[in-house]
Amino acid sequence: MNKPQRYAPKDVERKWQRAWEEAGIAKAEEGSDRPKFYVLEMFPYPSGRIHMGHVRNYTLGDVLARYKRAQGFNVLHPMGWDAFGMPAENAAMDKGVHPKTWTYENIAHMKGQLKRLGFSLDWSREFATCDPEYYRHEQAMFLDFMDAGLVERKKSLVNWDPVDQTVLANEQVIDGRGWRSGALVEKRELDQWFLKITHYAEDLLKGLDELENWPEKVKVMQRNWIGRSEGARFTFRLVDEQDREWPEPLPVFTTRPDTLFGASFVAVSPDHPITKKFAEENPEVAAFVRECAALGTSEEAIEKAEKKGIRLPLYAVHPFKPDVKLPVYAANFVLMTYGEGAIFGCPAHDQRDLDFARKYDLPVIPVVCPKDTPPDKCEIGDEALTDSERDDLVMINSEWMNGLTPKQAKEAAIAKLEELGIGERQVNYRLRDWGVSRQRYWGCPIPIIHCPECGVVKVPKQDLPVTLPEDVTFDAAGNPLERHPTWKHVKCPQCGADATRETDTFDTFIDSSWYYARFCSPRAEEPVDLDKAKYWMPVDQYIGGIEHAILHLLYSRFFARAMKDTGHLHLKEPFAALFTQGMVVHETYKTESGAWVEPALVERRADGLFHRETGEKVIAGPVEKMSKSKKNVIDPEAIVEKYGADTARWFILSDSPPERDIEWTEAGVEGAARFVQRVWRMIDDIASIAAPADISAEVGPDALALRQAAHRALAEVTKDIEGLRFNRAIARIHELVNAMGEAQRKAGDAPASDMAFALREAAELLVRMFAPMMPHLAEECWQRLGHEGLLAQAPWPEPEPALLKQDTVKMAVQVNGKRRAEIEVAKDAPKEEIEKLALEQEAVQRAVGGKPVRRVIVVPGRIVNIVV
RNA sequence: GCGGGCGUGGCGGAAUUGGUAGACGCAGCGGACUUAAAAUCCGCGGGCCCUAGCGCCGUGGGGGUUCAAGUCCCCCCGCCCGCACCA
């Protein structure tokens, strides 16, 4: 046998990548009548370099894309760039690079990295969201959304960074300070654009039930986020301390109208108009409002804040008992943004109300009581009785509702409120409208002009896109669009008067809320070519990180609905199946002085870990998500350089199921690299054996066993890929390679013709089944095996049914549930025969020990259990 | 607090509908080859025991259902994630 050459991934991979590109293997076919499969991974932000999370994400998608292609599907597997966002502006401020330059350079670099990983992406459909050619459609759709009543402009409180002169997202406020400037963040009221996602609250909630191939976890998170609750809205009559009627009645929302007879106070939000009114004339109320506002910024403060309130000189008249007047408070735990910003307090049956009542010495009147407790014994201590669904509860102290269950009482109370004409049944949602205005440069300009005469005017569609000016500066705080000398000064398209452009840009989440649809027709004159979308949409498999469980995925579902209602799309649910992959994690390292050390600088010696350069002792810390701050980052480019793309792909698919976190280890990668070499040697070896093209001669037992192993592995791997269980598929492939190695060894240098055939057949099947995971190695092996043409274009093999059938099966024999022997029987052997054979076993006889056999359970193909 | 998930060797993880627990990989140990090393190949590998067996125990803990439980039911413990004053 000639000495096999080491497989050299670097040259080989480049060669096949070029071949694939020339053959256009990844190009989705237009106008095809084949069934389609749209596999999409969340597109990356072009931060500069790809990271291991990308490698995992895109490898998962690529395996599926290649597999589906081989299965005969017309596969759409596109890639683009989520290219607007803050880091580009930060780079501009830090390094003086223009955001556009920075972004497009990053894209070019990362595209090269993705290509070197061998992902079969249809690059002809590529776009970046910062291309005017992309965002002009976003602007056009926004105008259509306006016409459809899905856009609103209103004042809203924002986090304002006084140093950077910009609005911050909640996530960018850390302990009340701006994450970049460190300045104390202020609440400011600004005019903002909103998309009315609440219009679809019910539909977004209901739609979740249809998404069978979404993780339950994500659906639950979205359900909670939408936060539907059923209850009643009604109004209190208010009177002042002189018993004079207050001009405006006070609306409140409650989910517990059944507990109305237990009400002992009414509370409004510190931001409520009533509170504000009293704050104007009463300094104590004003102080209280300020105190609450100050507390509002830090999340921890909210968590631990004590229930606090201040009396307002008002009383609320109980709707069912006109002679009862409830004191009105402004209270810190009542949110202006939910419901009506006002509540009635029923201390006996709500924990917050109870805490509040104990503090201010308000009555606690139980109105719900367990059936078996006498009403006069029903007392509330420090814990409110909040249950209302239990059937063993009855209403007490509630006049005409006494004796009803809380459930019945809810209905009765609502009916009464309706009869009195002061309230009705209402459904409330936690979901708020989506504020999309950002005071930033590097985003999609909002296509609006403010005219002193005409007010808000839409930019006419023929004037789109409103493009970003490129001659901007980043040397001052604030929005560069705001201070640009000319950009914002325009004539009103309606009356021609001097007017100003909207200088806010869109939240970048808008960009990613419809890109999946654009990929169907990336160069269309319309946002989406409906004919194309009708073929390609929905995305059959969407893959990405769990961190987008709510925002991106909910916004996308909203956008699809809004697009449908404005004629830009034909369906409501863009992603038929969702897969959320786990993170790539790595051990962390620190020196004894506490400095983080990157893995590349850690040297493993017999007596511990040491810093490669300084020689310091290094301590291994917990395994955590790769992050720059902890320096536990492995650069994919270095891995590809050292081991090749296939090794990286193989390792990241091995061991851990894709939905779980995977630990990146040097040893693991080495193992994957060894496997690549082993496979190559084996294929090279088998390729040099002359094998018959057909097998008409007698097949011996060894050859048959190998054939069966290969075909079974194929069947298993096919199932596993189909179910995205790539770690299992890989285990099956390892098993086949082990079996082949054994057969090879047994057969020696000159195998008989039946074995030669079996080896070659196994080799070909092996190569074809790992091809989606290690496509370069597969092509090289395919060629070595004498094939012409690309494996990437070959169909998926099918196992021969005859070889999947087993003639005999091994069955365990248990006595009283304990395994005592194993028998081999014909697969279709009758139960009686199996039973007889089992009882004949020596070990079984010993275990039975002459005791009478009470029962024998035979599960054909699985087990025999003898009960004595 | 509410909701979701998880708990299996030294580690990552397999295990069909309840049917031989620990597939496969990593690390480890032993051996072959070699002057030596690397590479490669082969083998071993849950725990316990002065009883080494035809033994006993074993999937976070306790109980239950069953001929049979990692898997189903009840209770408890621990960990991870999400939401959190939502009336």
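What's counted below: heavy atoms across the whole structure, side chains too, no hydrogens, waters or symmetry copies.
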Asks: NA contact type, A:G671, heavy-atom cut-off 4.0 Å: base, sugar-phosphate, or nothing?
Replies: sugar-phosphate
Asks: If you apply the rule side chain to side chain contact (heavy atoms under 4.5 Å, CB included), what do you find for A:S654 with A:H734, and how did you get there?
Replies: CA-CA 11 Å; A:S654 313; A:H734 271 287; 5.7 Å; no
Asks: Once each nucleotide of nucleotides 1-13 of chain B is scored for protein heavy atoms under 4.0 Å, what B/S/- sequence comes out, 5' to 3'?
Replies: --SS-------BS
Asks: Where the side chain of A:R678 is defined as all heavy atoms beyond and including C-beta, which of B:A87, B:C41, B:C86 is the nearest nucleotide?
Replies: B:C41
Asks: Consider the side chain of A:F333, meaning its heavy atoms from C-beta on, and name the nucleotide among B:C85, B:C67, B:C86 that approaches it most closely.
Replies: B:C85
Asks: If you check the A:S229 side chain, which of B:G19, B:A87, B:C85 turns out closest?
Replies: B:A87
Asks: Kindly point out which of B:C85, B:A14, B:U20 is positioned nearest to the side chain of A:R728?
Replies: B:A14
Asks: Taking OP1 and OP2 of B:C67, is either one under 4.0 Å from a side-chain nitrogen or oxygen of A:R855?
Replies: yes
Asks: Near RNA chain B, counting only heavy atoms under 4.0 Å, which residues of residues 734-745 of chain A show up?
Replies: A:H734, A:E735, A:N738, A:R745
Asks: Could you state the CE-C1' distance from A:M811 to B:C67, rounded to the nearest angstrom?
Replies: 14 Å
Asks: Using whole Å, what does the distance between atom P of nucleotide B:U16 and atom NZ of A:K719 come to?
Replies: 11 Å
Asks: What is the distance, rounded to the nearest whole Å, between atom CD1 of A:I733 and atom C1' of B:C24?
Replies: 11 Å
Asks: Quickly work out the A:D258 CG to B:A87 P distance and round it to whole Å.
Replies: 13 Å
Asks: Going by the glycosidic torsion and a 90 degree boundary from 0, is the base of B:G9 oriented syn or anti?
Replies: syn
Asks: Classify the nucleic acid contact of A:V859 as base, sugar-phosphate or nothing, counting any heavy atom under 4.0 Å across all strands shown.
Replies: base
Asks: Verify whether one side chain among A:T580 and A:K217 offers a donor that lies under 3.5 Å from an acceptor in the other.
Replies: no
Asks: For B:C41, does either OP1 or OP2 sit under 4.0 Å from a side-chain N or O belonging to A:R681?
Replies: yes
Asks: Taking the minimum atom-to-atom distance to the side chain of A:A812, which one of B:U20, B:A23, B:A87 wins?
Replies: B:U20
Asks: If you write RNA chain B from 5' to 3' in dot-bracket form, with Watson-Crick or G-U pairs under 3.5 Å, [ ] for crossing pairs and | for pairs with another strand, what do you get?
Replies: (((((((..(((......[....))).(((((.......))))).((((...).)))..(((((..]....))))))))))))....
Asks: Does A:R352 make a side-chain N or O approach to OP1 or OP2 of B:C86 shorter than 4.0 Å?
Replies: yes
Asks: Please report the distance, rounded to the nearest Å, between CD in A:Q814 and P in B:A21.
Replies: 7 Å
Asks: Between P on B:A87 and OH on A:Y429, what's the gap in Å once rounded to a whole number?
Replies: 13 Å
Asks: Calculate the interatomic distance between A:Q581 atom CD and B:C81 atom C1'; express it in whole Å.
Replies: 16 Å
Asks: Got a donor-acceptor contact below 3.5 angstrom from the A:Q677 side chain to the A:Y7 backbone?
Replies: yes
Asks: With respect to the side chain of A:A731, which nucleotide from B:A23, B:C85, B:G19 is positioned closest?
Replies: B:A23
Asks: Could you check whether A:R233 gets within reach of a base, just the sugar-phosphate, or nothing at all, counting any heavy atom under 4.0 Å?
Replies: nothing
Asks: Answer with base, sugar-phosphate or nothing: what part of the nucleic acid does A:N865 contact at a heavy-atom distance below 4.0 Å?
Replies: base
Asks: Looking for any heavy atom pair under 4.0 Å, which part of the strands does A:V334 touch: base, sugar-phosphate only, or nothing?
Replies: base
Asks: Side chains of A:I634 and A:E666: does their closest heavy-atom pair fall under 4.5 Å?
Replies: no
Asks: Which whole number of Å gives the distance between the P atom of B:C42 and that of B:C49?
Replies: 34 Å
